[in-house]
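Positions are given from 1, in the same order as the sequence printed here.
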Amino acid sequence: MVNRQQRNGGSNLGCLVVLVIAGAGIYLGLLFVRPWFRNEQYQQEMKNVALESTTMSDSLIRVRLVARADSLGLPREAKRLTIRRLPREDRIEISARYSITIEIPVYGPKVLNFIAAAEESL
């Protein structure tokens with residue numbers, strides 16, 4: 001007597017479902033991580049510029065940060081910088097606010113709001 005085992009496709013389908021969910025999670029993660037990482041880089045540049053602000057004019061600070069925003073591919077709003085030198089408190093504040101819209105499949109657009117800022121004593 002030959003013992004024949006029947007294969008059920010359920011286990012293969014279960015593996016496929018797990019792979020699809022993992023792939024979707026990675027894809028969505030990358031959609032959100034990229035803008036966050038660019039904001040972190042922009043904010044780090046602001047901190048570096050704030051550290052060097054005693055030897056730089058406001059216009060030079062603006063030029064350097066606008067160039068960095070361009071290189072990171074940030075929206076036009078990110079180039080609207082607020083630079084405040086507070087002589088009484090002996091510090092400088094640099095900030096920018098901007099939004100990035102991400103298209104999420106099936107869900108639709110999601111707007112991410114960012115505030116990049118740096119403070120440093122002069």
Side-chain angles (χ1 to χ4, degrees):
M1 188 150 88
V2 177
N3 194 4
R4 293 185 182 171
Q5 294 180 349
Q6 290 183 340
R7 274 199 129 189
N8 196 357
S11 65
N12 291 338
L13 184 61
C15 182
L16 181 63
V17 169
V18 169
L19 288 175
V20 167
I21 291 172
I26 291 169
Y27 177 74
L28 290 174
L30 288 176
L31 281 178
F32 287 96
V33 167
R34 286 179 185 156
W36 174 82
F37 187 66
R38 287 183 190 133
N39 182 61
E40 289 298 314
Q41 289 176 315
Y42 191 44
Q43 195 161 352
Q44 186 60 46
E45 184 67 22
M46 282 185 180
K47 289 176 184 176
N48 291 339
V49 168
L51 283 170
E52 300 171 9
S53 64
T54 56
T55 60
M56 298 171 73
S57 67
D58 288 357
S59 60
L60 185 58
I61 290 171
R62 189 173 305 279
V63 166
R64 187 166 159 184
L65 290 173
V66 166
R68 184 64 173 152
D70 275 339
S71 70
L72 291 171
L74 297 179
R76 209 179 299 163
E77 297 170 314
K79 299 170 193 167
R80 292 188 202 130
L81 296 160
T82 303
I83 301 171
R84 294 178 38 200
R85 291 184 189 260
L86 306 169
R88 284 189 181 157
E89 299 172 22
D90 218 21
R91 68 177 194 190
I92 186 169
E93 294 176 348
I94 305 169
S95 64
R97 292 175 181 242
Y98 62 97
S99 302
I100 295 176
T101 303
I102 297 174
E103 287 292 328
I104 302 173
V106 180
Y107 181 77
K110 173 73 176 158
V111 177
L112 302 176
N113 297 310
F114 291 101
I115 300 172
E119 282 184 29
E120 191 62 43
S121 57
L122 298 172

If you look at every heavy atom in [X] and [Y], which pair is closest and at what distance?
X    : Y   : answer
I115 : Q43 : O-OE1, 4.1 Å
R38  : L72 : CD-O, 3.2 Å
L81  : A78 : CD2-O, 4.0 Å
P75  : S99 : CG-O, 3.6 Å

Report yes if some heavy atom in the side chain of [X] is under 4.5 Å from a heavy atom in the side chain of [Y]; otherwise report no.
X    : Y    : result
V49  : L65  : yes
I100 : V111 : no
L31  : L28  : yes
I92  : I94  : yes
K79  : D70  : yes
L122 : S53  : yes
S121 : D90  : no
Q44  : Q41  : no

Exercise for the section: Mind checking side chain to side chain contact (heavy atoms under 4.5 Å, CB included) for A118 and listing every partner two or more places apart, or none if nothing turns up? Expected result: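 Listed in chain order: M46, K47, A50.
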Handout entry: Hphob cluster co-occupancy, Y42 + F32, side-chain heavy atoms under 4.5 angstrom
Key =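 Y42 and F32: one cluster.
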Practice task
I would like to know whether L86 and R84 meet side-chain contact (heavy atoms from CB on, under 4.5 Å); could you show each step before the answer?
Solution key: CA-CA 6 Å; L86 306 169; R84 294 178 38 200; 3.5 Å; yes
Handout entry: Basic-acidic side-chain contact under 4.0 Å: R85, E93
Key =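 A salt bridge is absent here (no side-chain N lies under 4.0 Å from a carboxylate O).
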Problem - Qualifying salt bridge (Lys or Arg N to Asp or Glu O under 4.0 Å) pairs, either residue in residues 111-122, two or more places apart - result: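 Listed by first then second residue: R91-E119.
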Exercise for the section: Return the set of residues passing ring pair (Phe, Tyr, Trp, His ring centres under 6.0 Å) with Y98 (not counting sequence neighbours), or none when no residue passes. Expected result: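 By the ring pair (Phe, Tyr, Trp, His ring centres under 6.0 Å) rule, Y98 matches F114.
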